[in-house]
Amino acid sequence: MGPLLSLVGVHKRYSRGQREIVVLDDVSLDLCAHDFACVLGERSAGKTTLLEIAAGIRPPDFGQVHYGGRDLVALGERARGHLRRSEIACVWNRKVPTIHAVAVLDHVALPLVSGGVGRRERRRAAAEMLERVGAADYAQVAVEALSDGERTRVALAQACVRRPRMLIADEIADTLDMIERNAVLGLLREFARDGVAILLSAANAHGAAGCNRLISLSGGRLVEPDGPSGVGELIELRPRSRGSDSVR
Ligand SMILES: Nc1ncnc2c1ncn2[C@@H]1O[C@H](COP(=O)(O)OP(=O)(O)OP(=O)(O)O)[C@@H](O)[C@H]1O
């Protein structure tokens, strides 16, 4: 089976005052079902930008983004929105849920409302997903009362309750303590084993543990060593300069 997601020759730059920052420079990437790929890059390397483009949230300046054989850039916002409510799930580190006074169970069930799923079935599916991510114990707790690790599990449950085909996860494990981080990365591994295509980003090697593809983003370029690679090998490959230093 072909890739679910293909980025081909993607470029992205931002203007910063008089200057332009090249964030992605001719980036190509294929992601298939069962992949658990992690883009490893230093701060400001362009990880979020890459993931937003992969999710169809931000358009590239040039290049193609294909999802499920469809041109994600050419699709209208309505169709892209539909995909994000059905097949493409995202967890953004900075947007981990903070809705006030909503119990975890209802929060996780929320994405099913727009899919027209009845209340009883929504709650059943949410409870099942909470069980799966090890968060069933706090199903009735308000989201705002959760610890960072608990919130990350809940965010993951909410993202996966619609059984997405692709999961985009932006630095969701980097700041967690070792035990929670390994638990969250283990959950991602399990979702990938079930067939979800996962694109994770991490700013350090700890946040990438257990992935089956490790891709370095530096200077706007992606580097993925051929064959099985260790984190140490990738760190060797990364140039010293920061991504944001590649100003043109
Ligand atoms: N909308 C924007 N306009 C201008 N510059 C931007 C915009 N979004 C991001 N940038 C800049 O592009 C660079 C890459 O940002 P991005 O958030 O993609 O990197 P990142 O690797 O996810 O960073 P971090 O690890 O700090 O979250 C940064 O220098 C950032 O300031």
Side-chain angles (χ1 to χ4, degrees), residues 5 7-29 31 36-65 67 72-73 77 80-81 84 88-98 148-149 151-152 155-156 159 166-178 180-181 184-185 188 197-209 211 213-224 231 234-248:
L5 174 78
L7 270 57
V8 185
V10 164
H11 290 255
K12 187 75 190 179
R13 56 180 66 191
Y14 296 117
S15 47
R16 175 169 288 180
Q18 302 297 312
R19 300 188 312 165
E20 280 205 321
I21 317 170
V22 177
V23 176
L24 301 176
D25 185 8
D26 197 17
V27 161
S28 295
L29 171 73
L31 190 75
F36 176 13
C38 182
V39 175
L40 186 64
E42 292 172 350
R43 283 194 57 203
S44 299
K47 302 178 295 298
T48 302
T49 300
L50 176 66
L51 267 53
E52 286 175 343
I53 289 173
I57 292 170
R58 193 181 282 279
D61 294 335
F62 315 95
Q64 296 163 15
V65 185
Y67 173 83
L72 210 51
V73 182
E77 186 44 46
R80 277 194 299 269
R84 286 196 300 272
I88 303 175
C90 304
V91 184
W92 306 106
N93 186 25
R94 285 178 285 278
K95 295 174 192 157
V96 164
T98 51
D148 286 351
R151 274 188 198 204
T152 305
L156 210 48
M166 180 167 83
L167 176 64
I168 305 282
D170 191 20
E171 292 184 55
I172 64 167
D174 290 30
T175 55
L176 302 177
D177 66 48
M178 189 181 72
E180 265 308 306
R181 190 173 60 226
V184 164
L185 292 169
L188 292 179
I198 298 183
L199 187 58
L200 170 74
S201 72
N204 62 62
H206 297 299
C211 65
R213 289 175 58 193
L214 202 48
I215 305 161
S216 168
L217 174 60
S218 184
R221 299 282 186 147
L222 286 185
V223 177
E224 183 171 18
V231 170
L234 262 178
I235 290 168
E236 290 296 308
L237 279 166
R238 290 161 68 187
R240 286 184 178 277
S241 63
R242 295 178 51 187
S244 57
D245 291 340
S246 56
V247 177
R248 289 184 184 169

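Counting starts at 1 for both ligands and their atoms, in listed order.
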Out of Leu51, Thr49, Leu50, whose heavy atom sits nearest atom 15 (O) of ligand 1?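 Looking at heavy atoms only, the winner is Thr49.
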
Hey, is Arg16 touching ligand 1 through its side chain, its backbone, both or neither, going by heavy atoms under 4.0 Å?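 Just the side chain.
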
Does some side-chain heavy atom of Asp25 sit less than 4.5 Å from a side-chain heavy atom of His11?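 Counting from C-beta outward, His11 and Asp25 do come under 4.5 Å.
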
May I ask you to list the atoms of ligand 1 that are less than 4.0 angstrom from any heavy atom of Ser44?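 Every atom of ligand 1 under 4.0 Å from some heavy atom of Ser44: 13 (C), 14 (C), 19 (O), 20 (P), 21 (O), 23 (O), 24 (P), 25 (O), 26 (O), 28 (C), 29 (O).
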
What atoms of ligand 1 come closer than 4.0 angstrom to any heavy atom of Glu42?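 With Glu42 as reference, the close atoms of ligand 1 come out as 21 (O).
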
Taking Lys47 for the side chain and Leu200 for the main chain, is one N or O donor matched with an acceptor at less than 3.5 Å?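 No; zero donor-acceptor contacts below 3.5 Å.
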
Side-chain donor/acceptor of Ser201 to backbone N/O of Glu171, under 3.5 Å: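 Pair found, side chain donor or acceptor close to backbone of Glu171.
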
Checking the N or O distance criterion of under 3.5 Å, is ligand 1 in contact with [X]?
{"X": "Thr48", "result": "yes"}
{"X": "Ala45", "result": "yes"}
{"X": "Ser15", "result": "no"}
{"X": "Gly46", "result": "yes"}

Applying side chain to side chain contact (heavy atoms under 4.5 Å, CB included), run through Thr152 and Glu180 and close with a yes or a no. CA-CA 9 Å; Thr152 305; Glu180 265 308 306; 6.0 Å; no

For Glu77, what residues pass the side-chain contact (heavy atoms from CB on, under 4.5 Å) criterion, not counting sequence neighbours?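 Per chain and number, Glu77 pairs via side-chain contact (heavy atoms from CB on, under 4.5 Å) with Arg80, Arg84.
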
Passing candidate, side-chain contact (heavy atoms from CB on, under 4.5 Å) with Leu50, options Val10, Ile215, Leu24: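 Among Val10, Ile215, Leu24, the one meeting side-chain contact (heavy atoms from CB on, under 4.5 Å) with Leu50 is Leu24.
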
